[in-house]
Amino acid sequence: MLRTSDVLKTMQGLAPGQRAVWQLSPTFGSSFTVVTLDPQKNPKDERRYTLNLGGSLEKALAAKAFMAGRRSKKISSWIGDRNPTLIEGPAALRKAA
């Protein structure tokens, strides 16, 4: 199980267009959570994250955004509070988890 700080490090390690996938604990339905860093640069050059949620990875990828924004701490806190397990992410960060 990961802490919120681990989730935040993973999110901050994403390259534009890259995604990270966590599976939440059974207490929270074992749902899959996908966070994608928006590949588009905005005028202020800020990072924008999108969080999708679903009962399976396929459903999470096809779902509408559950949460989106520039606040990586808010999104990482939501995931971290649900005892996640990192399934997919940047290779260097996956080894550390």
Side-chain angles (χ1 to χ4, degrees):
M1 301 297 168
L2 301 172
R3 297 183 314 228
T4 299
S5 60
D6 299 321
V7 174
L8 183 60
K9 281 183 199 175
T10 302
M11 287 177 60
Q12 291 173 339
L14 294 174
Q18 197 172 27
R19 71 179 185 208
V21 179
W22 292 270
Q23 185 171 17
L24 305 182
S25 73
T27 304
F28 296 97
S30 299
S31 297
F32 284 82
T33 304
V34 179
V35 173
T36 307
L37 179 58
D38 189 354
Q40 302 295 323
K41 294 264 184 186
N42 62 37
K44 295 183 181 179
D45 200 29
E46 296 172 330
R47 298 167 69 87
R48 182 171 170 79
Y49 298 94
T50 304
L51 183 149
N52 294 41
L53 185 64
S56 68
L57 180 56
E58 294 77 21
K59 288 181 181 179
L61 291 171
K64 288 185 179 180
F66 176 73
M67 190 182 302
R70 297 180 313 251
R71 297 182 179 206
S72 56
K73 288 184 182 180
K74 181 178 180 181
I75 294 172
S76 65
S77 177
W78 189 91
I79 297 168
D81 289 346
R82 288 158 178 78
N83 300 322
T85 302
L86 183 63
I87 303 297
E88 177 185 324
L93 296 170
R94 220 178 17 248
K95 290 177 187 172

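When a residue number appears, it is its place in the shown sequence, counting from 1.
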How would you list, by chain and number, every residue that makes a side chain to side chain contact (heavy atoms under 4.5 Å, CB included) with Ser56, sequence neighbours excluded?
Glu58, Lys59

For Ala65, which residues count as a side chain to side chain contact (heavy atoms under 4.5 Å, CB included) partner, sequence neighbours excluded?
Thr50, Asn52

Taking the side chain as everything from C-beta on, heavy atoms only, tell me whether [X] gets closer than 4.5 Å to [Y].
X: Leu37; Y: Gln18; result: no
X: Ser72; Y: Leu8; result: yes
X: Tyr49; Y: Thr36; result: no
X: Arg47; Y: Asp38; result: no

Scan for salt bridge (Lys or Arg N to Asp or Glu O under 4.0 Å) pairs involving residues 25-36, sequence neighbours excluded, and state none if there are none.
none

What distance separates [X] [atom1] from [Y] [atom2], expressed to the nearest 0.5 Å?
X: Thr85; Y: Leu24; atom1: OG1; atom2: CG; result: 8.5 Å
X: Leu51; Y: Trp22; atom1: CG; atom2: CH2; result: 8.0 Å
X: Glu46; Y: Arg70; atom1: CD; atom2: CZ; result: 4.0 Å

Under 3.5 Å donor-acceptor pairs involving side-chain atoms of residues 26-34, not counting sequence neighbours:
none

Test your reading of the model: is there a side-chain donor-acceptor pair from Ser76 to the backbone of Lys73, 3.5 Å cut-off?
yes

Identify the two heavy atoms, one from [X] and one from [Y], that lie closest to each other, and give their separation to 0.1 Å.
X: Thr4; Y: Gly80; result: OG1-CA, 3.6 Å
X: Val7; Y: Pro84; result: CG2-CG, 4.0 Å
X: Gly54; Y: Ala60; result: N-CB, 3.5 Å
X: Gln23; Y: Ile87; result: N-CG1, 3.8 Å

Salt bridge (Lys or Arg N to Asp or Glu O under 4.0 Å) against Arg19, all qualifying residues, sequence neighbours excluded
Glu88

If you look only at pairs with a residue in residues 67-87, which of them pass as a ring-ring contact (aromatic ring centres under 6.0 Å, His included), with sequence neighbours excluded?
Phe66-Trp78

